[in-house]
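One structure is given here, and the rest of the page talks about it.
If you're wondering where the values come from, they're calculated on a predicted model, not measured in any experiment. In this chain, numbering begins with 1 at the start of the sequence shown.
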Amino acid sequence: TNTTFEKQKIKFKMGSDKDSKPKTLDDIPALLDVIEGSQGEESAAAIKSIYELCDVGHKQNRVPMVCSGKWDVLTPLAACLIKESGDGRHLACLALNNLSIPTENKRKMALGPASKSVISALTEVIKDDKQESYLCCICLMNLSFLEASIGTILQYSEEGSNFLDDPNSLIRVLEKVLGNAPSAPKAGTGKSEVCRWACGLIKNLSKSEENCKYLAQTSIPERVVENIKSSTNSPSQWTTNSLEDFSLFVTLNLSQWPDSKESVVSASAVDVISPIMADGDLQGLKATMACAFLGAPWSSFPDGGSAAAESVSELMANIVEKKGKDGQYAYGVFKLYTATKAYRELSAAAKAGNNVGVLAIPSAIALQFKILSDLVLADGADGGTKYAPDSMSAEYCIGTVQNVLPALLETSETSTNSSQTDKACQELEQMLIAYGDISGTSSSAKASASDSASQIKGAVGSARPAIEDSHELWIQLRKKEGQPMDQFVTKEAGIEADQSGPLDFMPCGGDSGCVIC
């Protein structure tokens with residue numbers, strides 16, 4: 001009742017709730033009323049209760065508090081970041097962080113009615129370099145794990161579309177944070193934490209080509225490369241979510257797009273990150289892909305490129321099989337188009353270095369075929385779930401296939417005829433022709449498919465072990481997913497003939513083909 005509600009408000013205002021029972025979701029309206037109607041200790045006590053309702057011991061409350069539609073806790077908490085100080089602001093930051101963790105809440109907080117208030121307040125705290133700046137970066141980072149939100153978050157500005165010209169926009173605020181960071185901040189200090197989590201936020205925001213284009217128009221690329229260069233720790237000692245780990249991720253993301261790669265090239269990124277390739281593990285993998293995107297010469301890849309080929313081919317397989325790598329990365333960290341593009345760029349570098357054989361790993365090439373054939377089969381399928389079409393990755397795969405064909409089509413030492421080679425070449429030729437015919441395939445990809453199909457067709461008649469092995473593994477991948485095996489098998493039955501000659505002019509009918517009269 002209203003009377004009960006008023007009594008609750010008085011208790012919260014007077015601080016007489018210290019010995020009362022723990023708050024529940026039903027207390028939220030009264031708590032919000034106190035937060036909106038007061039400041040200082042009274043408001044801080046109510047904010048503390050909101051925080052406790054969504055702390056680690058009350059995770060089950062987080063989604064109802066944001067998504068139930070019963071209350072708007074986001075707008076009042078966002079306002080507290082601006083109007084409160086000390087404990088009040090700190091507790092409001094902690095509450096927003098907890099609420100930003102569930103996937104269901106991210107959309108409401110980043111794209112819902114309260115999103116502008118939330119993003120604006122978080123940006124304001126970071127801009128003013130408050131003690132809670134790092135918490136605000138973490139909160140925005142949590143929200144940016146929802147990829148649909150990263151454009152909205154990075155492009156936030158009170159000026160709307162002129163965010164790059166607004167010194168108070170989020171992208172310019174983050175640029176300032178990185179620019180003001182000490183060259184070697186002491187770990188655990190306020191300056192190091194806000195710089196670290198700002199880079200973590202930028203890592204997520206740089207996952208789209210459009211955002212990378214905007215980031216390239218700031219000094220952020222130069223700053224993240226400098227973070228790597230000035231590190232005093234060996235890459236093998238970089239922990240997940242460290243400043244160096246985040247900075248290398250940002251460098252990788254910027255490296256893979258035409259409109260942003262020059263921003264890290266001009267920061268001497270290749271010279272800085274090339275030595276990291278030899279480290280192996282996660283940091284070596286990221287450095288390897290970034291160097292491939294940035295056009296590093298083949299001679300710069302350790303072990304003659306074999307380590308690069310192995311690590312990126314393993315990454316492609318893990319992504320296709322929807323699994324991560326223990327102790328290094330979880331599934332979903334890398335996109336398939338990133339891995340396939342890296343492999344294509346490696347194959348181009350190897351081709352320029354006359355060493356494509358290193359990239360012609362049958363299991364890796366089978367994956368290229370699988371990605372291409374999935375797109376072909378999905379194009380003609382009736383909503384089947386046996387295929388995982390990815391047109392961008394397919395385009396990178398056809399580039400790889402074309403680059404490594406000289407190694408794939410090498411003949412055996414005996415150079416004998418092989419029915420297995422002939423079958424492999426015929427099926428692969430048909431598949432590549434079908435890929436080139438798909439609507440929407442770029443002209444360059446069509447040309448690569450046509451050239452590759454022609455070369456493969458010309459390989460019939462001699463045993464070619466690499467193409468046989470790759471074809472067989474491709475078949476096994478398709479069988480594993482229950483795909484039918486006859487789509488790329490030539491179905492022509494031949495031409496009927498009698499003493500008068502070929503009868504291909506005769507009308508066809510019936511179930512068995514041509515009717516011979």
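Here E84 pairs with nothing under the salt bridge (Lys or Arg N to Asp or Glu O under 4.0 Å) rule; sequence neighbours left out. Listed by chain and residue number, nothing satisfies the ring pair (Phe, Tyr, Trp, His ring centres under 6.0 Å) test with Y156 (two or more places apart in sequence, or in another chain). Take Y337 and apply the ring pair (Phe, Tyr, Trp, His ring centres under 6.0 Å) test, not counting sequence neighbours, and it matches W257. Partners of D469 by side chain to side chain contact (heavy atoms under 4.5 Å, CB included), not counting sequence neighbours, listed by chain and number: P362. Looking at residues two or more places apart in sequence or on another chain, you find no ring pair (Phe, Tyr, Trp, His ring centres under 6.0 Å) involving Y435. The side chain to side chain contact (heavy atoms under 4.5 Å, CB included) test applied to E41 returns no partner, not counting sequence neighbours. Taking R223 as the reference, L178, S219 meet the side chain to side chain contact (heavy atoms under 4.5 Å, CB included) condition, with sequence neighbours excluded. Here K325 pairs with E314 under the salt bridge (Lys or Arg N to Asp or Glu O under 4.0 Å) rule; sequence neighbours left out.
Distance check, rounded to the nearest 0.5 Å: CG of L122 to CD of E132 gives 11.5 Å.
When every heavy atom of S266 is checked against every heavy atom of S263, the shortest pair comes out as OG-O, 3.1 Å. The two residues V118 and M109 make their nearest non-hydrogen contact at CB-O, 4.1 Å. Here the closest non-hydrogen pair linking E244 and S231 is OE2-OG, 2.8 Å. Across every non-hydrogen atom of D166 and E158, the tightest pair is OD2-N, 3.8 Å. The two residues W238 and L248 have their closest heavy-atom pair at CZ3-CD2, 4.1 Å. Scanning all heavy atoms of the two residues, the minimum distance from S313 to A309 falls at OG-O, 2.8 Å.
Remark: the backbone N or O of L215 is paired with a side-chain donor or acceptor of T218 at under 3.5 angstrom. Under a 3.5 Å cut-off, the side chain of K83 and the backbone N or O of Q39 do not form any donor-acceptor pair. No donor-acceptor pair closer than 3.5 Å links the side chain of S470 to the backbone N or O of I467. Side-chain atoms of N162 do not come within 3.5 Å of backbone N or O of D165 as any donor-acceptor pair. No donor-acceptor pair under 3.5 Å is formed between the side chain of S306 and the backbone N or O of V358. In this structure a side-chain-to-backbone donor-acceptor pair under 3.5 Å is present from T251 to S247. Without hydrogens or angle criteria, K341 side chain to S393 main chain gives no donor-acceptor distance under 3.5 Å.
In this model, no donor atom of one side chain and acceptor atom of the other lie less than 3.5 Å apart for S452 and Q402. Looking only at atom types and distance, the side chain of H58 has a donor-acceptor partner in the side chain of D55 under 3.5 Å away. In this structure, a donor-acceptor pair under 3.5 Å is absent between the side chains of D451 and S448.
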Run the numbers on K370 and E481 for salt bridge (charged side-chain N to carboxylate O under 4.0 Å, His left out), then give the verdict.
-> CA-CA 11 Å; K370 169 73 163 47; E481 295 185 3; 3.2 Å; yes
Decide yes or no on ring-ring contact (aromatic ring centres under 6.0 Å, His included) for Y343 and Y396, but give the supporting numbers first.
-> CA-CA 8 Å; Y343 209 77; Y396 298 141; over 10 Å; no
Mind running side-chain contact (heavy atoms from CB on, under 4.5 Å) on K322 and I319 for me, showing each step along the way?
-> CA-CA 5 Å; K322 295 181 170 57; I319 295 171; over 6 Å; no
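Two residues are said to be in side-chain contact when any heavy atoms from C-beta on lie closer than 4.5 Å; F369 and V401 meet this criterion. In this structure, the side chains of F246 and N227 stay at 4.5 Å or more apart for every pair of heavy atoms. Two residues are said to be in side-chain contact when any heavy atoms from C-beta on lie closer than 4.5 Å; N211 and S208 meet this criterion. Between Q60 and R62 there is no side-chain heavy-atom pair separated by less than 4.5 Å. Between S169 and L164, the closest side-chain pair of non-hydrogen atoms is not below 4.5 Å. You'll find the side chain of K48 reaches within 4.5 Å of the side chain of E52, heavy atoms only. Contact of the D390 side chain with the L375 side chain is not registered, since no non-hydrogen atoms from C-beta on lie closer than 4.5 Å. I171 is not listed as a side-chain neighbour of Q155, based on a closest heavy-atom distance of 4.5 Å or more.
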Could you pull out every donor-acceptor pair under 3.5 Å between side chains of residues 285-294 and any protein atom, sequence neighbours left out?
residue, atom, partner, partner atom, Å
K286, NZ, D245, O, 3.1
K286, NZ, D245, OD1, 2.6
K286, NZ, Q283, OE1, 3.0
T288, OG1, G284, O, 2.7

Report all side-chain donor-acceptor pairs from residues 135-152 shorter than 3.5 Å, counting only partners two or more places apart or in another chain.
residue, atom, partner, partner atom, Å
N142, ND2, S100, OG, 3.0
S144, OG, L140, O, 3.3
S144, OG, M141, O, 2.7
S144, OG, N204, ND2, 3.0
E147, OE2, K335, NZ, 2.9
S149, OG, L143, O, 3.1
S149, OG, L146, O, 2.7

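The salt bridge (charged side-chain N to carboxylate O under 4.0 Å, His left out) pairs that include a residue from residues 297-311 number zero, where partners must be two or more places apart or lie in different chains. Sorted by first then second residue, the salt bridge (charged side-chain N to carboxylate O under 4.0 Å, His left out) pairs that include residues 202-214, not counting sequence neighbours, number zero.
Ion pair K130/E124 not flagged as a salt bridge, since none of the NZ, NE, NH1 or NH2 atoms sits closer than 4.0 Å to an Asp/Glu carboxylate oxygen.
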